[in-house]
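Since the structure comes first, as structure tokens, the remarks are kept for the end.
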Amino acid sequence: MPEVEAVVRTLRTLVQGQRIRRVRVFHPIAVKPQKASRLADLATNRLIQRVDRKGKYVLLALDRGLLTVHFRLDGQLIWFLDRRELLERANVKENGVHVDVALEFAKGVLGFADRRHFGRVYAWDCLEDSPGLTSLGVDALSKNFVVPRFLELVAASARPLKDFLLDQSRVAGLGNIYSCESLWHARLDPRRRAKSLKPEEARRLHKAIVSVLARALECCLHPAPDFHDSQWWFQGLEKILRAYGREGEPCRRCGAAIQRIEQGGRSTYFCRKCQK
DNA sequence: CCTGCTACCTGATGGC
DNA sequence: TGCCATCAGGTAGCAG
């Protein structure tokens with residue numbers, strides 16, 4: 001989510017207040033199960049009034065309706081200077097870039113790309129129509145993410161901490177990386193049940209989440225996202241990671257080897273010695 | 001309601 | 001070199 005927040009800030013400067021002149025759907029799978037015509041009909045000739053974020057979703061609020069963009073694992077945005085550049089480079093063999101959906105503006109074109117085709121661009125009449133959005137819990141980067149609320153959520157869940165943090169309907173915005181990192185910083189075992197935490201431990205976890213996300217956001221903002229370069233997409237984040245992806249390497253706190261286990265079908269990285 | 005499992009896709013990497 | 005298995009930053013949909 002820090003990545004999404006950074007993307008939103010750059011995107012705002014590019015498209016907020018701009019009118020969508022034309023919508024191109026090169027790969028309809030990127031709007032599935034909606035239809036390409038749905039996106040085109042709803043977005044063509046609409047003004048983008050605001051660019052916002054909820055959890056890991058990007059929201060483009062239009063003068064009528066809204067678009068949501070979700071990058072899932074590998075989605076990204078690409079900026080083309082004009083329609084000519086888009087058509088020259090999009091989805092061509094030689095020296096081309098993969099583009100699934102493009103929004104054309106008077107000056108510039110925004111491309112959404114995801115070779116893996118997990119990411120989505122959706123069109124909605126109103127925010128309430130999007131099930132993904134309405135089910136989101138409190139946003140972990142927002143002012144509403146306060147200790148008392150977090151203690152309530154923790155006390156109400158019997159799930160292992162790692163699964164609890166990944167559940168977007170409780171706290172929105174933490175993915176696999178930042179869940180692992182937050183638990184490492186809070187020195188908590190990812191396998192523990194959420195409701196087993198003492199208030200002091202839950203407060204520690206809250207503090208860890210806030211600081212991990214703040215640091216990651218700083219990292220994502222410097223240098224700021226650059227949609228012109230399709231190769232560039234958040235490199236250098238590994239530097240701040242303490243547990244994620246470090247299986248077998250020494251824990252930066254106690255020196256014991258970082259372990260990798262499976263939880264809910266995903267990898268969890270943690271230190272057995274100092275996360276209790 | 002809750003939980004756990006699978007499907008959805010493509011590409012990179014490593015072992016044999 | 002080729003082939004196969006495994007892994008990847010996420011979520012939706014389904015069964016129990």
Side-chain angles (χ1 to χ4, degrees), chain A residues 1-8 26-34 53-58 68-77 91 96-101 112-122 124 129-137 139-141 153-184 190-191 193-195 209 212-213 215-217 219-220 225 230-248 259-269:
Chain A
M1 177 183 54
E3 292 89 331
V4 181
E5 176 63 23
V7 161
V8 160
F26 296 102
H27 298 287
I29 191 174
V31 305
K32 192 179 165 189
Q34 294 188 346
R53 178 189 61 75
K54 285 199 187 302
K56 302 172 195 168
Y57 290 83
V58 177
T68 60
V69 178
H70 199 300
F71 300 114
R72 295 279 183 106
L73 302 178
D74 293 326
Q76 61 169 305
L77 298 178
N91 307 309
V97 282
H98 183 93
V99 180
D100 292 301
V101 175
F112 171 84
D114 183 358
R115 317 179 72 91
R116 202 168 162 189
H117 292 145
F118 274 10
R120 290 291 187 268
V121 179
Y122 289 140
W124 309 98
D129 286 357
S130 165
L133 281 183
T134 53
S135 63
L136 290 179
D139 188 289
L141 271 179
L153 290 166
V154 165
S157 173
R159 308 186 75 181
L161 283 172
K162 171 70 181 321
D163 305 61
F164 169 78
L165 292 180
L166 283 179
D167 182 350
Q168 305 296 302
S169 74
R170 295 178 159 106
V171 176
L174 291 169
N176 206 25
I177 292 179
Y178 300 122
S179 297
C180 291
E181 291 299 300
S182 299
L183 289 165
W184 183 88
R191 298 166 297 182
R193 308 259 156 196
K195 59 165 59 169
I209 291 168
V212 162
L213 292 181
R215 197 162 343 118
L217 178 57
C219 198
C220 292
S230 64
Q231 301 300 70
W232 180 92
W233 199 255
F234 298 113
Q235 270 124 45
L237 268 178
E238 324 77 51
K239 295 195 302 280
I240 63 170
L241 303 183
R242 291 293 176 267
Y244 186 86
R246 301 192 62 243
E247 181 180 19
Q259 314 274 306
R260 180 167 76 93
I261 60 171
E262 192 150 302
Q263 289 184 290
R266 326 267 320 263
S267 288
T268 297
Y269 298 85

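Residue numbers begin at 1 in each chain, while the letters A, B, ... track the order of the sequences.
- Here A:Y122 lies out of heavy-atom contact (under 4.0 Å) with every strand.
- Contact annotation: A:K56 side-chain N/O to C:dG9 OP1/OP2 distance is not under 4.0 Å.
- Side-chain N or O atoms of A:D114 include one that pairs as donor or acceptor with a backbone N or O of A:G119 at under 3.5 Å.
- Without hydrogens or angle criteria, A:R120 side chain to A:K32 main chain gives a donor-acceptor distance under 3.5 Å.
- Nucleic acid contact class of A:R193 (heavy atoms, under 4.0 Å, all strands): none.
- Closest to the side chain of A:R72, from the set B:dG4, C:dG9, C:dG10, is C:dG10.
- To the nearest whole angstrom, the two C1' atoms, one in B:dT3 and one in C:dG9, are 23 Å apart.
- Among the heavy atoms of the strands, none lies under 4.0 Å from A:R120.
- The nucleotide whose nearest atom lies closest to any side-chain atom of A:I29 is, among B:dC9, C:dA8, B:dT3, B:dC9.
- By the criterion of a centre-to-centre distance under 5.5 Å and near-parallel planes under 30°, the ring of A:F118 forms no stack with the base of C:dT11.
- No engagement by A:L166 is indicated, since no non-hydrogen atom pair under 4.0 Å with the nucleic acid exists.
- Put simply, A:S267 has a side-chain N or O that comes within less than 4.0 Å of OP1 or OP2 on C:dA8.
- A:Y57 comes within 4.0 angstrom of sugar-phosphate atoms only, judged by non-hydrogen atoms across all strands, and of no base.
- Residues A:R260 and A:P131 both approach DNA chain C. Their nearest nucleotides, taken by heavy-atom distance, put A:R260 toward the 5′ side.
- Distance check on atom P: B:dC9 versus C:dC4 gives 22 Å, rounded to whole Å.
- Put simply, A:R266 has no side-chain N or O that comes within less than 4.0 Å of OP1 or OP2 on B:dC5.
- Within the structure, every side-chain polar atom (N or O) of A:Q168 is placed at least 4.0 Å from both OP1 and OP2 of C:dG10.
- Of the two residues near DNA chain B, A:D163 and A:R115, the one whose nearest nucleotide lies more 5' is A:D163.
- The CD atom of A:Q34 sits 14 Å away from the C1' atom of C:dA12 (whole-angstrom rounding).
- Counting any heavy atom pair closer than 4.0 Å across all strands shown, A:G132 reaches sugar-phosphate atoms only and no base atom.
- Comparing B:dG4, C:dA8, C:dG10 by their closest approach to the side chain of A:R159 singles out B:dG4.
- For C:dT11, one of the phosphate oxygens OP1 or OP2 lies less than 4.0 angstrom from a side-chain nitrogen or oxygen of A:H70.
- Closest to the side chain of A:Y244, from the set B:dT10, C:dG9, C:dG10, is C:dG9.
- The nucleotide whose nearest atom lies closest to any side-chain atom of A:I177 is, among C:dG9, C:dA8, C:dG10, C:dG9.
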